[in-house]
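Shown next, in C-alpha cells, is the structure this report addresses.
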Amino acid sequence: MICRNNRERQGMREAGRVAAKLLRSVGERIRPGISTAELNEVTRELMGQAGAISAAYHYGSKKNPYPGYACFSLNDVIVHGIPSRDIILREGDILSIDLAVFYKNFCGDNTRTFRVGQVSPSADHLIQVAEEALMAGIQQALAGHYVNDISAAIEAVALRGGYSIVREFVGHGIGHEMHEGPQIPNYTLSQKGVKLRPGMSLAIEPMFTLGSADIQNDPDGWTVRTRDHSLAVHVEHTILVTENRPEILTLP
Ligand code: MF3
Ligand code: CO
C-alpha cells in the first residue's frame with residue numbers, strides 16, 4: 001500500500017488525464033459498422049501520438065500475451081475482449097473499452113461502456129446503474145475509511161438495481177505498475193480491508209450483469225463472457241485518496 005508524495009501525485013494526475021483523453025477519443029470513433037480491430041488501430045495510433053504506452057499490449061504470459069492496445073468487450077463480454085475484424089458494431093450494442101496506459105512511468109487505467117446508437121432501455125439502465133455504483137464507490141474513498149466501504153457502496157447500488165456482480169475481477173491499487181495492492185472487490189467481505197490513507201491511488205472498476213454473474217472463458221484464453229450470454233457492463237476510474245475529497249484522475 002503505497003502513499004504517493006506530491007511529485008508522484010502529479011505524475012498520476014498526468015497519466016490519468018492522458019488515459020481519459022485517449023478513452024474519450026477512441027469512444028468518439030464508435031459507430032455502427034466499425035470493427036473492434038479498427039478501433040484498436042485508432043487506439044494504437046492515438047497512444048503513439050500521445051507518447052503513451054499501452055498497459056494491455058503484450059500483458060500476461062509469454063505464451064499468450066494480450067494482443068490488443070485496449071480491451072474491447074461487446075455485449076455479453078465482460079472483460080478482456082480481443083479486437084477483431086470480425087467483431088463489427090451494430091446499432092443497439094454496448095461496448096466496454098478498457099484503456100490503460102503508462103505515461104512518464106505512471107499508469108492510468110479507465111473503462112467506459114459505450115452505447116452504439118440507440119440501445120434498449122434495459123441496456124441503458126444497466127450502464128446507468130454501473131456508473132452510479134462507480135461514483136458511489138469513489139465517494140467512499142476517504143482517508144480513514146476502509147476498502148470494504150468502497151466495496152459496500154458499489155454492492156448496494158448493484159443490488160438495488162437488481163444486477164449481478166462479477167466476482168472474479170476486482171479493482172486494484174495503481175501507480176508505477178498497473179496492478180498494485182490493495183484489491184478492491186465490488187462486493188463486501190467480512191473484513192474491513194486496508195485502511196485508506198492520503199496519497200493512495202486506486203483503480204475502482206465495477207462489473208455487473210443483467211442475468212447471472214457466472215463467467216465463461218473463450219478458447220482464445222482472454223475473452224471473458226457471461227455464461228448465460230446476458231449483457232455485461234464495466235466502468236472504471238483511477239482515483240487518488242487525498243486529505244479531503246477523492247480526486248478522479250481519469251477525467252479528460
Ligand atoms: N485495465 C485492465 C485492468 O483494470 C487490465 C487490462 S490489460 C489486459 O486490470 F491485458 F489484461 F487485458
Ligand atoms: Co483496472
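Numbering of ligands and ligand atoms starts at 1, following listing order.
- Taking backbone and side chain together, His179 holds no N, O or S atom under 2.8 Å from the Co ion (ligand 2).
- In Phe169, neither the side chain nor the backbone holds a heavy atom less than 4.0 Å from any atom of ligand 1.
- Residue contact check: Glu236 has heavy atoms under 4.0 Å from atoms 4 (O) of ligand 1.
- Looking at Glu205, its N, O or S atom nearest to the Co ion (ligand 2) turns out to be OE2.
- The line from OG1 of Thr250 to CG of Asp109 is 8.0 Å long, rounded to the nearest 0.5 Å.
- What sits closest to atom 9 (O) of ligand 1 on the protein, heavy atoms only, is His179 NE2, 2.5 Å.
- Tested against Ile2 for a side-chain contact (heavy atoms from CB on, under 4.5 Å), the candidates Glu180, Glu177, His176 yield a single pass: Glu180.
- Of the N or O atoms in His80, none lie within a sub-3.5 Å distance of an N or O in ligand 1.
- Of all atoms in ligand 1, numbered sequentially from 1 with element shown, those under 4.0 Å from a heavy atom of Asp109 are 1 (N), 3 (C), 4 (O).
- Distances from ligand 1 to the non-hydrogen atoms of Tyr57 include no value under 4.0 Å.
- For the residue pair His125 / Tyr163, a side-chain donor-acceptor distance below 3.5 Å is found, with atom types taken as modelled.
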Stepwise, does the side chain to side chain donor-acceptor pair (under 3.5 Å) test hold for Gln10 with Arg13? CA-CA 5 Å; Gln10 206 46 44; Arg13 285 189 187 102; 2.8 Å; yes
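- Atom OD2 is the N/O/S atom of Asp109 found closest to the Co ion (ligand 2).
- The atoms of ligand 1 that sit less than 4.0 Å from any heavy atom of Asp98 are 1 (N), 2 (C), 3 (C), 4 (O).
- Closest to atom 8 (C) of ligand 1 among all protein heavy atoms lies Tyr59 CD2, 3.8 Å.
- Residue contact check: Ala56 has heavy atoms under 4.0 Å from atoms 7 (S), 10 (F) of ligand 1.
- Salt bridge Arg44/Glu41: present, at least one basic N to carboxylate O contact under 4.0 Å.
- The atom name of the N/O/S atom in Glu236 closest to the Co ion (ligand 2) is OE2.
- Ring orientation note: the planes of Tyr57 and Tyr69 are close to parallel, at an angle under 30° on the 30°/60° scale.
- Using modelled atom types, one side-chain atom of Ser164 and one backbone atom of Gly211 make a donor-acceptor pair closer than 3.5 Å.
- Using a distance-only test at 3.5 Å, with no hydrogens or angles considered, no donor-acceptor pair links the side chain of His234 to the main chain of Thr113.
- In Cys71, the part holding a heavy atom less than 4.0 Å from any atom of ligand 1 is the side chain.
- For the residue pair Thr242 / Glu247, no side-chain donor-acceptor distance below 3.5 Å is found, with atom types taken as modelled.
- Side-chain contact annotation: Ser230 with Asp228, donor-acceptor N/O pair under 3.5 Å present.
- Residue His172 has at least one nitrogen or oxygen atom sitting less than 3.5 Å from a nitrogen or oxygen atom of ligand 1, judged on distance alone.
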